[in-house]
Amino acid sequence: MPLKNSLDDTIAAIATPPGFGGIGILRVSGEKAISIADTVWQSSQKLSKILPRQLVTGQIFSDTVLAVVMKAPHSYTGEDVVEFHCHGSPVLLQSILAVLFKEGARPAEPGEFTQRAFLNGKLDLTQAEAVADLIESETEKSAELAARQLSGALSLVVGKLRNDMSVLRAQIEAMIDFPEDEDVHGLYSEEIQGRLKDLKRRIRTLLSSYEEGRKFREGVRVVICGRPNVGKSSLLNALLQEDRAIVHVTPGTTRDLIEETINLRGLPVRLVDTAGIHGTGGEGRAPSRAERVSTAGRNPRQDPSIVNDPVESEGIRRSWQQVRSADLILFLVDASVPFGSEDVALYEKIADKKPLVIFNKKDLSPSPVPPPLTPVLSISAKNHEGIEELKGLLYGRLIGSPSMTSSEILLTNSRHKDCLQKALVGLERVEEAVQARMSLEFLAADLLIATNHLSEITGEITNDEILGEIFARFCIGK
Ligand code: GDP
């Protein structure tokens, strides 16, 4: 979505979430923000006359309202801004907004306040992105990462890299003046290669933090697999410590996917209970006419390869989709009964995804024939035994030992990762050019391309499409 809005307009929106609330905040930003806001404001002192950044009391539609004026450039957007703090009544807020629109403001698009902050130089692009990340963060750790990025920590690291690349380019350009001096060239090419190596190492360090950063920002998906009745719903409940999934003794009763998010030491983990999938059936496809004929007379409940119910069939299809996209699969085995053909068939279907094998029902006597798998852990989902150990194992498998220290940056955003990868490829091209003793002009040009990829991260170089995509993620009023 390209940017289509002019900065000349004055924009207004409700900044607080929809619905009833203790307070509701209206935000107006733009050249005419103060004069437009003054049309609804009733007080002995007009907003245009009050001291900026001081909360004042007045009336709007006989409601007592607090107002604050922030003058450009000392505001979030960098423009004149007025905020009204009203009672959190949606009707009241909408009525005030309607007047503001009548008086010349226009409805703000999603993220338009932050977009203006970016366009007016109050935030760079990584900081603007961090605003949305902070709002959407699901755990204290994701919030911490977003807040660190919002404070400009990533911009600082990228800025240093970009600066060092620019200095190198300037030096190469200076060398262009001495094209015949072989000695100088030999010396410089060594020096240049050393610097390129250092730049590449720093970019690689940032890139290597991405997998961990992404997981903290976006969360991970852990899918619980196992044949019906092994205790998947019970395990989900134990991990959630609340009764959400339906625990039932008849196999195959939890038809749909159940997904819940837990906060695992700051990592948002989406737990999916794939009820209904089994190893023998198709991956959720409806039976063909031939299958329906040949299976006539068999009981679909007892033969899991028969999926006649389109709802169940859809549920199974979705479950397999979850399995395919999982970050980690837990394969749950009921160790109190023999490992049957259904367990085998299901395990074979997921074995290549290296599932964590968990034995359940350790409170019951184990089956005389032990399952042919080695578990990483035995638990009792019903009695909540082994759940904490399981959480530790999960964290270890998903994150390993966390690399983040208080001074380190974790790359969390795929856009940043892509730009850094392109910059790295650019530096490799420069390196090859040095080794091939190519003309210095080529080196300088390639180095500029690599540097520009870093400028895309912070938004010094950008285009409307990228900006449109970034700000479309925001809510209205932010
Ligand atoms: P699912 O079909 O795999 O989701 O299995 P459920 O969670 O619905 O459990 C099936 C049955 O096994 C229920 O009666 C549960 O109470 C029981 N169950 C689950 N976990 C345990 C356990 O650790 N010990 C015992 N004794 N029973 C369990």
Side-chain angles (χ1 to χ4, degrees), residues 221-262 269-281 284 299-307 309 311-320 322-323 326 328-350 353 355-371 373 375-391 393-394:
R221 195 166 286 273
V222 171
V223 173
I224 309 174
C225 276
R227 63 153 177 79
N229 230 23
V230 291
K232 296 183 296 296
S233 312
S234 309
L235 173 59
L236 183 75
N237 290 338
L239 286 164
L240 287 170
Q241 292 185 310
E242 60 181 274
D243 258 0
R244 284 296 296 275
I246 312 149
V247 180
H248 204 290
V249 280
T250 317
T253 44
T254 323
R255 279 178 168 187
D256 215 341
L257 288 173
I258 294 179
E259 180 179 322
E260 293 285 354
T261 303
I262 58 167
V269 178
R270 278 173 251 300
L271 291 167
V272 185
D273 175 0
T274 58
I277 64 169
H278 23 67
T280 44
N299 180 350
R301 266 272 170 254
Q302 286 158 8
D303 183 341
S305 69
I306 307 168
V307 183
D309 181 343
V311 178
E312 186 156 346
S313 165
E314 173 59 19
I316 294 170
R317 193 189 63 76
R318 287 202 278 155
S319 292
W320 280 113
Q322 291 290 331
V323 168
L328 182 62
I329 296 176
L330 297 188
F331 183 62
L332 202 60
V333 178
D334 179 348
S336 70
V337 294
F339 197 72
S341 57
E342 234 189 301
D343 297 282
V344 174
L346 182 54
Y347 182 74
E348 279 173 357
K349 282 200 140 187
I350 58 168
K353 297 214 110 202
L356 270 189
V357 177
I358 312 287
F359 283 4
N360 189 29
K361 308 197 186 181
K362 76 167 183 180
D363 53 301
L364 301 178
S365 358
S367 158
V369 188
L373 293 173
V376 290
L377 190 69
S378 288
I379 62 167
S380 167
K382 192 176 171 182
N383 299 342
H384 290 215
E385 276 170 53
I387 301 302
E388 282 313 307
E389 289 96 309
L390 178 57
K391 284 184 175 175
L393 269 175
L394 280 180

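Whatever order the structure lists them in is the order used to number ligands and atoms, beginning at 1. Here the structure is a predicted model, which means the values were calculated and not measured. Just so you know, these numbers use all the heavy atoms, side chains as well, and skip hydrogens, waters and symmetry mates.
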Pro228 near ligand 1 by a heavy-atom separation under 4.0 Å: yes

Non-hydrogen atoms of Cys225 and Thr274 that approach each other most closely: CA-OG1, 3.8 Å

Point-to-point distance, once rounded to the nearest 0.5 Å, from CG of Leu373 to CZ of Phe331: 6.5 Å

Nearest candidate to atom 19 (C) of ligand 1, where distance is taken over non-hydrogen atoms, out of Ser378, Ser336, Ser233, Ser234: Ser234

Ile379 N/O under 3.5 Å from ligand 1 N/O: no

Under 3.5 Å donor-acceptor, Asn360 side chain and Ala381 backbone: yes

Leu364 N/O under 3.5 Å from ligand 1 N/O: no

Arg227 bridged to Asp343 by N-O distance under 4.0 Å: yes

Residue part near ligand 1, for Asp363, under 4.0 Å between non-hydrogen atoms: side chain

Lys391 side chain near Leu239 side chain, heavy-atom distance below 4.5 Å: yes

Close N or O approach (Lys232, ligand 1; < 3.5 Å): yes

Sequence-distant partners of Glu385, side chain to side chain contact (heavy atoms under 4.5 Å, CB included), two or more places apart: Lys362, Ser380, Asn383

Numbering as shown, the atoms of ligand 1 that approach Ser380 to under 4.0 Å (heavy-atom distance): 22 (C), 23 (O), 24 (N)

Any N or O of Lys362 closer than 3.5 Å to N or O of ligand 1: no

Mode of Asn360 contact toward ligand 1 - side chain, backbone, both, neither (heavy atoms, under 4.0 Å): side chain

With sequence neighbours excluded, residues passing side chain to side chain donor-acceptor pair (under 3.5 Å) with Ser367: none

